[in-house]
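See structure below.
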There are 2 protein chains.
Amino acid sequence: MTTDNTRSDSVDPASAIADPIDAVRPDDLRLEKFLPYRLSVLSNRVSNAIADAYSARFDLTIPAWRVMAILGRFSNLSAADLVEQTAMDKVAISRAVSILIKNDYITRSEDLADRRRQVLNLSELGRDVYERIVPLAQQYENDLMGSLSTDERQQLDSIIEKLMARAQDWANRGLID
Amino acid sequence: MTTDNTRSDSVDPASAIADPIDAVRPDDLRLEKFLPYRLSVLSNRVSNAIADAYSARFDLTIPAWRVMAILGRFSNLSAADLVEQTAMDKVAISRAVSILIKNDYITRSEDLADRRRQVLNLSELGRDVYERIVPLAQQYENDLMGSLSTDERQQLDSIIEKLMARAQDWANRGLID
DNA sequence: CGGCAGTGGTTACAATTGAAACCAATCTTA
DNA sequence: TAAGATTGGTTTCAATTGTAACCACTGCCG
């Protein structure tokens, strides 16, 4: 029996004549309007759909795909470079790289100048796969963007930048308190 | 040595005089412009910041907080009702509920009409905590929204709805192929 | 009624993720 | 050039999450 909570059980009798709008707790939080919640649901839906597509077609996880996406554009990167470019942490990179090597999608070679570093590149097979994934990814992107007007696409772009910057502040300066 | 991949190694000599713009592979994918990636990074940053705040102050995970947020507004819900309202699956709900009960934030009672169902409500303690979390959540929301103009807030709202609907389509109709 | 399909919810187990410890190589500085 | 600090990357172990199987109960149909 889903019932709205009214204030009836906690309201002070003296204010019982208050405006009816008060019948809904003024500072309840509507989860479905709460931005962090909505972002999370949206992002999960999108990511899950795409993850399914990649794994079905190429046996790739999203982290592994991200690494491929970067290595498709830039060559001779180290794992640390990938950390910079992907917003993933080094453990995730390490795991993605080891999967990709097992699949022969990328190659790893020592950096003779600094023997801690490993130099990563797409293999030929990896390049082939990359060239087949990119259109698929773009198809998803286009399909999403297709639900927006040209104006909305620009708006979204700039809105995301602003929100990202704000959330980044939180991480840097410490949280709101 | 981070080097841009140019087409120099794969370009056909006959087209070497092509427009210089062609020096960047035309169908590379720029991860940092790719909407699913950006959504994921943004959502994770926001969620992590908030999760830290909730867990530090109230020992609550995000799933548990979502359950509280719903129970703060609606009473006498079953776990199945929560599934409907939160976009979480029933296992996640079950786990969140058991944590909340352990914390004495919610109460669980049998539904005599249907003995499979459990009726969930905030406890008094839970209501107190709820009333302290809501302002915190709103502070995060306001802080995020504070980086946007009034117009942008409306735009974002409608853009999210559209993207959500599209992503929902993917889940329903099966993926793009 | 008796059987069986469907619902509400939990449990068990595997896969994924995160944090910290760790190893190896390099850099710094005395 | 030896000692400690730093960097690059992997491993280990615990916590979180996802999937499937499961149990208990209800509701339907013969």
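Residue numbers start from 1 in every chain, and the chains themselves are labelled A, B, ... in the order their sequence lines are given, proteins ahead of strands.
With Ser98(A) contributing its side chain and Arg95(A) its backbone, the two residues share a donor-acceptor pair below 3.5 Å. Distance alone, capped at 3.5 Å, is enough to place a donor-acceptor pair between the Arg153(B) side chain and the Leu148(B) backbone. The main-chain N or O of Asp28(A) is never found under 3.5 Å from a side-chain atom of Arg73(B) such that the two would form a donor-acceptor pair. Side-chain atoms of Glu141(B) come within 3.5 Å of backbone N or O of Leu35(A) as a donor-acceptor pair.
Regarding contacts with the backbone of dT10(C), a side-chain N or O of Arg108(B) is found under 4.0 angstrom from either OP1 or OP2. The phosphate of dT26(C) (OP1 or OP2) has a side-chain N or O of Arg115(A) nearer than 4.0 angstrom.
Atom P of nucleotide dG8(C) and atom CD of Gln85(B) are separated by 15 Å, given to the nearest angstrom. Spacing between atom CD1 of Ile93(A) and atom P of dT11(D) amounts to 16 Å, rounded to whole angstrom units. One can place CG of Asp111(A) at 14 Å from P of dA25(C), the figure rounded to the nearest angstrom. In this structure, Asp52(A) places its CG atom 13 Å from P of dG18(D), rounding to the nearest Å. Between the CG atom of Asn44(A) and the P atom of dT17(C) there is a distance of 12 Å, rounded to whole Å. Computed from coordinates, the Arg117(A) CZ to dA24(C) C1' distance equals 16 Å when rounded to whole Å. Per the geometry, CZ belonging to Arg66(A) stands 13 Å off C1' belonging to dT17(C), to the nearest Å. Between the C1' atom of dT10(C) and the CD1 atom of Ile99(B) lies a distance of 14 Å, rounded to the nearest Å.
Nearer the 5' end of DNA chain C, as judged by each residue's closest nucleotide, is the contact made by Ala92(A), out of Ala92(A) and Asp114(A). Across the interface with DNA chain C, nearest-nucleotide mapping of Arg95(A) and Val97(B) shows Val97(B) to be the residue nearer the 5′ end. For the pair Ser94(A) and Arg116(A), nearest-nucleotide mapping onto DNA chain D gives the more 5' position to Arg116(A). Projected onto DNA chain D by closest heavy-atom contact, Ala79(A) and Ala113(B) fall at different nucleotides, the more 5' of which corresponds to Ala79(A).
Checking dG9(C), dG9(D), dA25(C) against the side-chain heavy atoms of Gln118(A) singles out dG9(D) as nearest.
Base contact: Val91(B) has a heavy atom under 4.0 Å from a base atom. Within 4.0 Å (heavy atoms only), Ser78(A) reaches sugar-phosphate atoms of the nucleic acid but no base atom.
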Test Asp81(A) against Arg117(A) for salt bridge (Lys or Arg N to Asp or Glu O under 4.0 Å), laying out the working first. CA-CA 10 Å; Asp81(A) 297 330; Arg117(A) 275 179 107 252; 3.2 Å; yes
